[in-house]
Amino acid sequence: MPELPEVEVVRRGLDAHVVGRTVTDVEVLHPRPVRRHVLGPLDFAGRLAGARVDAAVRRGKYLWLQLDTGDALSAHLGMSGQMLVQRPDAPAERHLRVRLDLDDGQQLRFVDQRMFGGLAVVGLVPTPDGLPAGTAAGGPSAPLLPPEVAHVGRDPLDPHLDLDRLVDRVRARRTGVKRALLDQTLTSGVGNIYADEALWRSRLHHARPTDTLPRPAVRRLVADVAAVMGEALAQGGTSFDALYVNVNGASGYFDRSLAAYGQAGAPCPRCGTAITREAFMNRSAYRCPRCQPVPRNARW
DNA sequence: CCCGGATCCTGCTGGC
DNA sequence: TGCCAGCAGGATCCGG
């Protein structure tokens with residue numbers, strides 16, 4: 001479940017079903033998803049066994065479980081990762097990669113078809129700004145995060161996002177605005193779906209040069225990203241198929257509300273012009289050719 | 001340092 | 001029916 005709203009749906013599920021539990025046993029069924037745990041699968045399992053989960057925290061698309069050992073179980077879902085809470089007698093999923101047994105008899109399962117995602121047990125480092133690291137339940141999270149998240153920018157739903165600094169950094173780039181949105185070091189959690197939806201709301205073409213965007217336009221764009229993500233979250237996220245589900249295996253339904261993404265040939269909800277799809281960065285960009293015309297000096 | 005393209009995986013779909 | 005190219009919501013590495 002790739003983008004911020006879908007990861008936040010998972011985080012909330014982990015909050016409800018896994019926080020407070022102790023890990024009693026671990027099985028790594030495929031080595032690739034723990035490749036970022038440099039000391040190997042055995043060490044990975046050893047550091048988890050006996051640990052209690054104290055919090056579930058998220059920044060952008062990164063997710064981690066704080067453990068009472070001082071370490072954290074760091075997770076990224078990549079393109080196809082799922083975190084499922086299951087009863088032990090539920091049949092193993094086809095792409096089950098890692099299984100954690102919990103002290104309440106349930107299992108936390110990491111299922112990932114394409115294995116771009118993964119898990120690692122890591123030590124936490126201080127946030128550079130000393131502020132809470134990200135989104136967690138029950139008040140602010142600790143000012144600590146996994147090292148691989150240290151370079152990731154605060155996301156649009158983070159109350160500690162420094163909007164003025166973000167606007168300056170976007171405008172300092174010499175690239176197209178969609179590339180900037182997808183750069184997780186500026187702000188995080190934005191992927192192809194929410195980038196296209198926010199650009200449609202802001203009536204911006206994806207190749208609009210960032211350095212010619214007026215400050216208010218960048219501010220509006222960030223506000224549009226936050227708004228579309230908030231609406232998606234309220235509907236349980238976006239999912240086109242069974243690959244993207246919450247910890248109980250259920251799909252969100254924000255796909256019914258998409259104005260541009262995946263809507264090639266369908267009428268623009270604002271002006272009725274047919275939405276187009278074009279190749280962009282080895283994937284797709286969807287836009288309304290009338291509301292979002294190709295700019296002069298386009299920067300792809 | 002910044003930017004853009006290639007690459008890592010597996011499975012499904014659509015066209016020939 | 002069978003095969004294969006193309007595509008999929010992401011991050012990282014590498015060369016310029």
Side-chain angles (χ1 to χ4, degrees), chain A residues 1-10 29-36 38 58-63 74-82 93-97 110-120 146-153 155 168-199 206-207 209-211 225 228-229 232-233 235-246 251-258 260-265 277-286 298-300:
Chain A
M1 315 206 144
E3 305 186 40
L4 185 153
E6 294 75 39
V7 179
E8 175 59 14
V9 168
V10 171
L29 295 101
H30 196 297
R32 184 162 175 80
V34 297
R35 66 193 176 283
R36 285 181 10 249
V38 282
R58 180 194 56 73
R59 177 185 288 200
K61 304 171 200 171
Y62 288 81
L63 187 62
S74 170
H76 197 290
L77 303 176
M79 297 275 263
S80 55
Q82 304 175 9
E93 292 77 9
R94 181 170 175 195
H95 302 294
L96 177 61
R97 309 304 189 188
F110 182 71
V111 176
D112 190 3
Q113 176 196 108
R114 293 176 67 187
M115 297 187 291
F116 281 30
L119 305 177
E148 66 269 28
V149 188
H151 73 288
V152 173
D155 62 63
D168 287 344
R169 292 181 70 200
V170 167
R171 297 179 73 247
R173 290 295 174 98
R174 300 182 60 81
T175 188
V177 65
K178 182 169 174 180
R179 280 184 185 277
L181 279 181
L182 295 176
D183 183 341
Q184 305 296 303
T185 67
L186 294 172
T187 187
S188 61
V190 185
N192 215 28
I193 295 179
Y194 298 106
D196 279 0
E197 290 300 303
L199 290 168
H206 51 269
T210 49
D211 49 334
V225 172
V228 69
M229 284 180 165
L233 184 54
Q235 296 182 50
T238 302
S239 62
F240 304 124
D241 55 44
L243 223 48
Y244 306 101
V245 296
N246 66 16
S251 292
Y253 46 92
F254 190 69
D255 59 306
R256 298 172 203 168
S257 306
L258 294 173
Y261 185 85
Q263 306 302 308
R277 172 194 171 277
E278 53 213 300
F280 175 78
M281 286 178 75
N282 281 333
R283 42 173 75 91
S284 300
Y286 295 89
R299 210 185 315 266
W300 309 89

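Since the structure is predicted, the reported quantities are computational estimates derived from the model, not experimental observations. In what follows, chains are A, B, ... by sequence order, proteins preceding strands, each numbered from 1.
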Any residue meeting side chain to side chain contact (heavy atoms under 4.5 Å, CB included) with A:Arg32, in chain and number order, not counting sequence neighbours: A:His30, A:Arg35, A:Met115

Any donor-acceptor pair under 3.5 Å from A:Gln82 side chain to A:Phe110 backbone: no

Quickly work out the A:Gln82 CD to C:dG9 P distance and round it to whole Å. 17 Å

A:Glu6 CD - C:dA8 P separation (whole Å): 16 Å

Among all residues two or more places apart in sequence or in another chain, which pass the side-chain hydrogen bond (donor to acceptor under 3.5 Å, both in side chains) test with A:Arg283? none

Expressed in angstrom and rounded to an integer, what is the separation of A:Leu186 atom CG from B:dC1 atom C1'? 13 Å

Which whole-number value in Å describes the distance from A:Asp196 CG to C:dG10 P? 11 Å

Can you pull every protein N or O that's under 3.5 Å from an N or O on nucleotides 14-16 of chain B?
none

Contacts of type salt bridge (Lys or Arg N to Asp or Glu O under 4.0 Å), residue A:Glu8, not counting sequence neighbours: A:Arg11, A:Arg12, A:Arg58

Between B:dG11 and C:dT1, how far apart are the P atoms? Round to whole Å, please. 23 Å

Summarise protein proximity over nucleotides 3-10 of chain B in one line of letters, 5' to 3': B for base, S for sugar-phosphate only, - for none, counting protein heavy atoms closer than 4.0 Å. SSSBBBBB

Rounded to the Å, how far apart are A:Glu148 CD and C:dT12 C1'? 13 Å

For C:dG10, does OP1 or OP2 lie under 4.0 Å from any side-chain N or O of A:His76? no

Would you say the side-chain atoms of A:Thr187 and A:Asp155 include a donor-acceptor pair closer than 3.5 Å? no

Set of residues satisfying side chain to side chain contact (heavy atoms under 4.5 Å, CB included) with respect to A:Ala298, sequence neighbours excluded: A:Ala207, A:Val294, A:Pro295, A:Trp300

Taking the six-membered ring of A:Phe116, is NZ or CZ of A:Arg114 closer than 6.0 Å to its centre and within 45° of its axis? yes

C:dC7 phosphate, OP1 or OP2: any side-chain N/O from A:Ser284 under 4.0 angstrom? no

Run the salt bridge (Lys or Arg N to Asp or Glu O under 4.0 Å) test against A:Arg169 and tell me which residues pass, sequence neighbours left out. none

With heavy atoms under 4.0 Å as the rule, sort A:Phe280 into base, sugar-phosphate or nothing. nothing

Mind checking salt bridge (Lys or Arg N to Asp or Glu O under 4.0 Å) for A:Asp211 and listing every partner two or more places apart, or none if nothing turns up? A:Arg174, A:Arg299

State whether A:Gln184 places a side-chain N or O below 4.0 Å from either non-bridging phosphate oxygen (OP1 or OP2) of C:dA11. yes

A:Tyr194 OH to C:dG10 C1', in whole Å, measures 15 Å

Taking only residues two or more places apart in sequence, or in another chain, which ones meet A:Arg36 in a salt bridge (Lys or Arg N to Asp or Glu O under 4.0 Å)? A:Glu148

Sticking with atom P, work out how far B:dC9 lies from C:dC14, rounded to a whole angstrom. 15 Å

Just how far, in rounded Å, is P of C:dG10 from CG of A:Leu181? 12 Å

Across all chains, not counting sequence neighbours, the side-chain hydrogen bond (donor to acceptor under 3.5 Å, both in side chains) partners of A:Asp183 are A:Arg173, A:Thr185

Report the distance from atom CE of A:Met79 to atom P of C:dT12, rounded to the nearest whole Å. 14 Å

Annotated structure of DNA chain B as dot-bracket, pair cut-off 3.5 Å, Watson-Crick or G-U only, | for inter-strand, is .|||||||.|||||||

Using side chain to side chain contact (heavy atoms under 4.5 Å, CB included) as the criterion, list what pairs up with A:Lys178, not counting sequence neighbours. A:Leu182, A:Asn192, A:Ala195, A:Asp196, A:Leu199, A:His206, A:Phe280, A:Ala285

